[in-house]
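Below is one structure, written out as structure tokens; comments come after it.
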There are 2 protein chains.
Amino acid sequence: MARSNRQPSRERTSRTTVYETLRQKVLTLELPPGAALSENELAASLGVSRTPVRESLILLSQEGLVQVFPQVGSFVSRVDPAKVADAQFIREAVELASLEDLPADLAPDLVQDLRANLEEQRRPDLGLEEFFALDEAFHQGLLRLSGHGNAWATVVAAKGHLDRARRLGLYENASPARFAAQHAEIFDAVLGGNAASARTAMRTHLRAVFDDVERIRARSPELFATNSQTVPVRRNVVVWE
Amino acid sequence: MARSNRQPSRERTSRTTVYETLRQKVLTLELPPGAALSENELAASLGVSRTPVRESLILLSQEGLVQVFPQVGSFVSRVDPAKVADAQFIREAVELASLEDLPADLAPDLVQDLRANLEEQRRPDLGLEEFFALDEAFHQGLLRLSGHGNAWATVVAAKGHLDRARRLGLYENASPARFAAQHAEIFDAVLGGNAASARTAMRTHLRAVFDDVERIRARSPELFATNSQTVPVRRNVVVWE
DNA sequence: CTATCAGTACTGGTATACAAGCAGCGGTCG
DNA sequence: CGACCGCTGCTTGTATACCAGTACTGATAG
């Protein structure tokens, strides 16, 4: 067997790379909702054994991004509108609350980072994935302003379903410019110390994508969970060679 | 053909029981912060193989309750004051936000549950663990009133460090009566439709334990993480028999 | 033709074997 | 005496073997 580059020195284990790879593929919809994930197939394609793959799937399962049915199969979770709503509620609660804790004088370096971030968002040739990365950094940066940057990890863990819905929405109308403008509006209100309008702008912004979910659902229902209990279906194993 | 309502027949796996057992022992401080967790020892004592134990430790590690150092060992995380603060912030944000979403007419059955819960909390011979269980149910019940019951799972995942600090505090003064009274106060304000006083009462309540953390830390510093980088130390393996 | 029922190939769950790294002990050599 | 260095026993990481359960397939009986 070909032995891959062995370098498990510290913290960089096979499991972490497999986990990050799979998580990214799920969030970017490269692995679409409903896709079957075979531990054996993933292990073979990633060049590792079942163990790290399996442990990654367990982690993703705890995040709600993957569903594991014993003796049946593992599947990318369909986007659950209820979970999208939950994530929306949590995110709004946390981000709005952080605006209340903004200090009188903001940390200059954090402000500078946010400014540069907004500048990047205005680039006309921005790709969607680039915009998502900037968006993530922007919102985490806002949390940092009030000293609650670590809370972002919790928000991230909860908003997997929301993120996939967001991507579905952006893949359709593909207009990050509108969100970039909203970001700038929030930022200006924060800089001006106008807490009330910052709250309003933030709430408007966070609900913009959320309101699109039903529209997307009507167009691509197969990506969403049915209200009834999700049913695992083993796909036909028809291989031509 | 009607597809049979397939429910995950074997949700009860070794891993889930091991995970729940370990998590409970960590939260109740039966496994105190800093304790060494050997996968082999745990497997032997629980009567299973390393696999489910290991997978449980990975899950607990993702929750921040356990730290795993490759090739060194696994340890129960020391209570991190920063994470306690993060959990406090998130919990306060979510629970206060839910109060804003309370419907005009509350669901009668949920109200009845909460009323019975509060009645239980008044029992004079209530044990600490019983009180904790009631406390959890009460707060989740409040979230349910506003239709955000599922958000509790996210709060639970984030508040592991906070819970351990709470237990440390309660083990000392052991007066759940004060918290029970605060619960009743919140509930009365909710029933009366007085959103403002409900918010105030909730905030006061949630911060009561939090303010005790520093006092506890002064008395039992070994249970808390040092601000400097935590250093894993392999304990001496001296066994007399 | 239809219904039934084994066969079978797959699934994830668990147990086990082996690999690689860290720390302390104690002998050895300068 | 002191620095070094391999031995030893532990740790977690990974690979693999085996198990129980499930669903599709296809032959077979009615």
Side-chain angles (χ1 to χ4, degrees), chain A residues 1-19 22 35-62 66-76 231-239 241, chain B residues 1-20 22 35-62 66-76 231-241:
Chain A
M1 161 180 299
R3 177 160 300 186
S4 50
N5 43 353
R6 172 168 310 284
Q7 193 174 336
S9 56
R10 192 88 172 198
E11 210 61 36
R12 261 350 256 191
T13 66
S14 290
R15 171 162 55 85
T16 59
T17 64
V18 169
Y19 168 73
L22 288 179
L37 301 173
S38 162
E39 295 182 356
N40 281 313
E41 287 180 17
L42 289 175
S45 71
L46 295 173
V48 296
S49 83
R50 266 185 65 198
T51 306
V53 171
R54 171 179 173 76
E55 291 171 350
S56 298
L57 287 183
I58 289 173
L59 287 175
L60 293 171
S61 157
Q62 188 177 247
V66 162
Q67 283 179 296
V68 179
F69 299 93
Q71 274 68 42
V72 176
S74 303
F75 307 85
V76 178
V231 182
V233 179
R234 177 171 297 183
R235 64 276 181 210
N236 284 352
V237 190
V238 183
V239 179
E241 47 184 288
Chain B
M1 137 153 195
R3 200 181 300 274
S4 61
N5 285 4
R6 168 155 317 292
Q7 215 139 350
S9 54
R10 288 200 57 77
E11 278 286 308
R12 274 340 266 193
T13 66
S14 291
R15 188 184 76 232
T16 59
T17 64
V18 168
Y19 167 73
E20 289 164 5
L22 288 180
L37 301 173
S38 164
E39 294 180 357
N40 281 313
E41 287 181 17
L42 290 175
S45 71
L46 294 174
V48 295
S49 83
R50 265 186 66 201
T51 306
V53 171
R54 171 179 172 76
E55 291 172 350
S56 298
L57 288 183
I58 289 173
L59 288 176
L60 293 170
S61 156
Q62 187 177 246
V66 162
Q67 284 178 293
V68 178
F69 299 93
Q71 276 68 40
V72 176
S74 303
F75 307 85
V76 178
V231 181
V233 179
R234 176 171 298 184
R235 62 278 182 205
N236 282 351
V237 189
V238 183
V239 178
W240 305 83
E241 49 182 282

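In what follows, every heavy atom counts, from backbone to side chain, and hydrogens, waters and symmetry copies are set aside.
B:R12 places its CZ atom 18 Å from the C1' atom of D:dA20, with the value rounded to the nearest Å. D:dG9 atom C1' lies 13 Å from atom CD of B:E41, rounded to whole Å. Rounding to whole angstrom units, CD of residue B:E55 and P of D:dT14 are separated by 13 Å.
To the nearest 0.5 Å, atoms OG (B:S56) and CG (B:L46) are separated by 8.5 Å.
Taking every side-chain heavy atom of B:Q71 into account, D:dT11 is the closest of D:dC18, C:dT11, D:dT11. Considering only the side chain of B:R50, D:dG13 comes nearest among C:dA15, D:dG13, D:dT11.
Looking only at side-chain heavy atoms (C-beta outward), B:E55 and B:L59 stay at 4.5 Å or farther from each other. Counting heavy atoms from C-beta outward, B:V76 and B:L37 have side chains that approach closer than 4.5 Å.
Distances shown here put every side-chain N or O of A:R54 at or beyond 4.0 Å from the OP1 or OP2 atom of C:dG12. Within the 4.0 Å cut-off from OP1 or OP2 of C:dA15, not a single side-chain nitrogen or oxygen of B:T51 is found. Taking side-chain N and O atoms only, A:T13 has no distance below 4.0 Å to OP1 or OP2 of D:dG13. The phosphate of C:dT11 has OP1 or OP2 within less than 4.0 Å of a side-chain N or O from A:N40. For the OP1/OP2 pair of C:dT16 and a distance below 4.0 Å, the side-chain nitrogens and oxygens of B:S49 include no atom meeting the criterion.
For B:R15 against C:dG12, a side-chain-to-base donor-acceptor contact under 3.5 Å is absent.
Each of A:E39 and B:P52 lies near DNA chain C, and the nucleotide nearest A:E39 is the one positioned closer to the 5' end.
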